[in-house]
Amino acid sequence: MTSLGTTFDASRRFANKRLHLGVCGSVACYKALDLLRAWRRLDIHVSATLTDAAQRFVTPMLFESLGAVPVYRGMFAPGEDVFAHLEPGQCAQAMVVAPASADALARLAHGAASDMLSAQALAFGGPLVVAPAMNPRMWAHPAVQANAALLRERGARLVTPDCGEAACGDTGYGRLAEPSEIFLAALRALSPQDMAGRRVLVTLGPTREPWDGFRFWSNPSSGLMGAAIAVCAFLRGAEVTAVCGPCGAELLPRDVTRHSVCRAKEMFEAARDVWPQMDMGVFAAAVADFSPQYIGAEKFKKNGSPDGFSIDFHLNPDILQTLARTRNPGQKVLGFAAETAPDMQALLPLARAKLKSKKTDLMAANRVNDRSGGFCAPTNSMVVVDAHGREELWPLQNKADVAWDLCSWLLQL
Ligand code: PMT
C-alpha cells in the first residue's frame, strides 16, 4: 500500500524535505512502514530510528528496503557515528514518533537521553509529532496522560489514539491513529504556517436534491478539489470549517470541523451560519442550481405514468453570490467556475464573467468536459483570475498542488 487515501498522496510540494521517523515497540509497528512508503512516494527523504523494542517487531532492513536512509539501530551500535544522536536535529525539518509507546512518551516528556531515539528527540529543535499506541488502560493512566499533556505544553503535536479493539482484546482509546492522520500531521509539520490564525470556510462535494423518497438530482462531484483546499489550509495552519455534500467529507482529517449536508438549501444554511466568523471562504462545491419538486416520500411508480412524467424545478439559493455580497470587510472569497469550453483560452472570458457576477476576489475555472480535470479526476488544469486583473493559465497538476497555489494566491490578496 503506497497511498493512504488522502488528498495529498501525490503532491509534489514536499519533495526533498527531510523527515525523521522514530519507531517504538508496539504491534502497530507495521503501520510505520505504510507511513514510510507514503512519505517516500512524495519524494520526502525519510530517516528512521528503531528502538530496541521496535526491533523485536520489525527489522531495520525492512525500513532500509523501503527507502529509509539512514536507519539508526541504537546509541552505541557497531559502526554508528559518535554524533549520530545529533544528526536528525541538524538535517531533518520534522520528527515523527509513530507508534510511540508509554515508555517513549515518558522519556520524551522528561528529557531522557538513555537511548538513540530519546537522545535524538532531545537534540531536535524542529516540530515534533507524536502518535501514541498502547493498551487502553495504559493510555488512560494519569501518569501517561500527564506525560502527553507535558509534551503538548512544550509544543509537540499529539495525534492521539483511536478507540477500538486493541491487539490484546481490550477495547477503548489506545489504537494507533489512522496512518492518514499521522501522514498529514507530518506534512503539516513540514509546511509553512502562513495561514495560522485564519479561519477558512470551504464548501465541497455535490448536493443531492431529492424528488421522491429514494431518488435525487445531482452531479458527479467527488469533493476531491474542495477537500484538497481544506486539507491544504489545515496543513498551513488555518482553522478550517468544511460544509460537505454527500461526497468528500471522508477525505478530511479529524481536525477539520465539518458540517455534512445533502441539499443546496442545507449547504446554504450551514455556510451562512458560520460565515460571519470566517476570514476566507472557498466555494468549491458543485451546488445544484435547481431542485426538482418533491413528489413524496414513497417510491414513485412508473406504472402510474406509462408515458413518462413532467416535474417542476425551482431555483436554489446561490451560496457563493449571497455570502460574497454580505461579507464583512476583510473577508476574502474564492469561487470556482465549472464550465464546458473547447480549450483553456476559451475559459478565460467565462472566468472573468463569473468573477464579476459572483463578486469574488478570485475565480478558478475548470473545464468539466476535459476528463483529465474537473469532476472526479485527481488532477486539474485551471484558469485563475482575480479582481485586480491578474490572470493565469495553469497546466494540469495534482489537485493538492492546485489547492496549494490557490491558497498562496488568496493570501496575497
Ligand atoms: O469535486 P471534484 O470531483 O474534485 O470536482 C471538482 C469541481 C469540478 C466540482 C470543482 O473544481 C468546481 O468546479 N466546483 C464548482 C462547481 C460549480 O458549481 O460551478 P458553477 O460554475 O456552477 O458555480 C460557480 C460558483 O458558484 C461555484 O463556486 C459554486 O460553488 C457556487 N455556487 C453555485 C450555485 C449555487 N447555488 N451556489 C453556489 O455557491
Side-chain angles (χ1 to χ4, degrees), residues 5 7 201-231 240-252 254 256-275 278 281-326 333-340 354 357-358 360 365-369 371 373-378 380 399:
T7 55
L201 164 67
V202 183
T203 69
L204 61 97
T207 63
R208 284 182 187 166
E209 315 298 327
W211 57 268
D212 77 1
F214 304 93
R215 276 143 325 163
F216 52 81
W217 167 262
S218 190
N219 63 65
S221 168
S222 61
L224 188 55
M225 189 64 248
I229 304 249
V231 172
V240 184
T241 301
V243 179
C244 312
C247 305
E250 69 286 356
L251 297 166
L252 300 174
R254 60 189 180 188
V256 167
T257 305
R258 73 196 67 177
H259 300 274
S260 292
V261 299
C262 191
R263 298 162 56 201
K265 186 169 169 288
E266 294 162 1
M267 186 173 274
F268 173 65
E269 286 163 2
R272 182 198 56 198
D273 290 352
V274 297
W275 181 229
M278 298 292 145
V282 178
F283 298 83
V287 188
D289 288 320
F290 298 95
S291 281
Q293 167 200 358
Y294 187 62
I295 58 178
E298 300 291 310
K299 180 167 179 269
F300 181 76
K301 292 270 197 315
K302 73 174 177 192
N303 46 11
S305 301
D307 301 323
F309 74 108
S310 304
I311 198 160
D312 287 333
F313 279 80
H314 62 262
L315 193 63
N316 279 327
D318 191 314
I319 305 167
L320 167 58
Q321 198 168 54
T322 311
L323 300 191
R325 285 190 174 157
T326 57
V333 174
L334 160 61
F336 275 74
E339 307 288 355
T340 47
K354 221 159 236 180
S357 68
K358 302 264 184 174
T360 63
N366 45 188
R367 288 172 63 224
V368 289
N369 52 321
R371 298 187 73 160
F375 290 120
C376 297
N380 219 352
K399 278 183 177 167

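Numbers for residues simply follow the sequence, beginning at 1. When reading the values below, keep in mind they use all heavy atoms of this one structure, side chains included, and skip hydrogens, waters and symmetry mates.
- With rounding to the nearest 0.5 angstrom, the CE atom of Met278 is 3.5 Å from the OG1 atom of Thr241.
- Nearest heavy-atom pair, Val368 versus Gly374, reported as atom, atom and distance to 0.1 Å: CG1-CA, 4.3 Å.
- In this structure the side chain of His259 never reaches within 4.5 angstrom of the side chain of Asp273, judged on heavy atoms.
- With sequence neighbours excluded, the residues forming a side chain to side chain donor-acceptor pair (under 3.5 Å) with Ser291 are Glu209, Asn316, listed by chain and number.
- With rounding to the nearest 0.5 Å, the separation of SG in Cys376 from CZ in Arg371 is 9.5 Å.
- Using bins of under 30°, 30° to 60° and over 60° for the plane-to-plane angle, the ring pair Phe283/Trp275 lands in the perpendicular bin.
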Taking distance alone, no hydrogens or angles, what donor-acceptor pairs closer than 3.5 Å link side-chain atoms of residues 293-304 to residues at least two apart or in another chain?
from   : atom 1 : to     : atom 2 : distance (Å)
Gln293 : OE1    : Asp312 : N      : 3.4

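- Shown here for Leu204 and Ala249, the closest heavy-atom pair between the two residues is CD1-N, 4.2 Å.
- Among residues two or more places apart in sequence or in another chain, the side chain to side chain donor-acceptor pair (under 3.5 Å) test is passed with Arg215 by Asp212.
- In Trp217, the CH2 atom is not crowded: 12 or fewer heavy atoms of neighbouring residues, nucleotides or ligands sit closer than 6.0 Å.
- The two residues Val243 and Ala270 have their closest heavy-atom pair at CG1-CB, 3.8 Å.
- For the atom pair CG of Leu201 and CD1 of Ile229, the computed distance is 11.5 Å after rounding to the nearest 0.5 Å.
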(request) For Thr360 and Leu320, run side-chain contact (heavy atoms from CB on, under 4.5 Å): C-alpha distance rounded to whole Å, both residues' side-chain angles, the deciding distance at 0.1 Å, then the answer. (result) CA-CA 8 Å; Thr360 63; Leu320 167 58; 3.7 Å; yes
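- With contacts defined as side-chain heavy-atom distances shorter than 4.5 Å, the pair Pro206/Cys247 qualifies.
- No side-chain heavy atom of Val261 sits under 4.5 Å from any side-chain heavy atom of Thr207.
- Distance alone, capped at 3.5 Å, places no donor-acceptor pair between the Arg208 side chain and the Pro246 backbone.
- Using a 4.5 Å heavy-atom cutoff, the side chains of Lys358 and Asp318 are in contact.
- Distance check: Met225 CE to Asn380 CG gives 6.0 Å after rounding to the nearest 0.5 Å.
- Taking both residues in full, the closest heavy atoms of Ala377 and Lys399 are given as O-NZ, 2.8 Å, listed atom of the first, atom of the second, then distance.
- Among all heavy-atom pairs drawn from Leu252 and Ala242, the shortest one is CD1-CB, 3.7 Å.
- Listed for the Asn219 side chain is a donor-acceptor partner under 3.5 Å among the backbone atoms of Ala286.
- Taking each heavy atom of Pro292 and Ile311 in turn, the nearest pair found is CB-CD1, 4.2 Å.
- The CG atom of Asn366 sits 8.0 Å away from the CZ atom of Phe375 when rounded to the nearest 0.5 Å.
- Counting heavy atoms from C-beta on, the side chains of Leu251 and Val231 never come closer than 4.5 Å.
- Within the 4.5 Å cutoff, side-chain heavy atoms of Val287 are placed close to those of Ile319.
- Annotation: the span from Cys244 atom SG to Met267 atom CE amounts to 7.5 Å, rounded to 0.5 Å.
- Between the side chain of Glu266 and the main chain of Ala264, no donor-acceptor pair closer than 3.5 Å is present.
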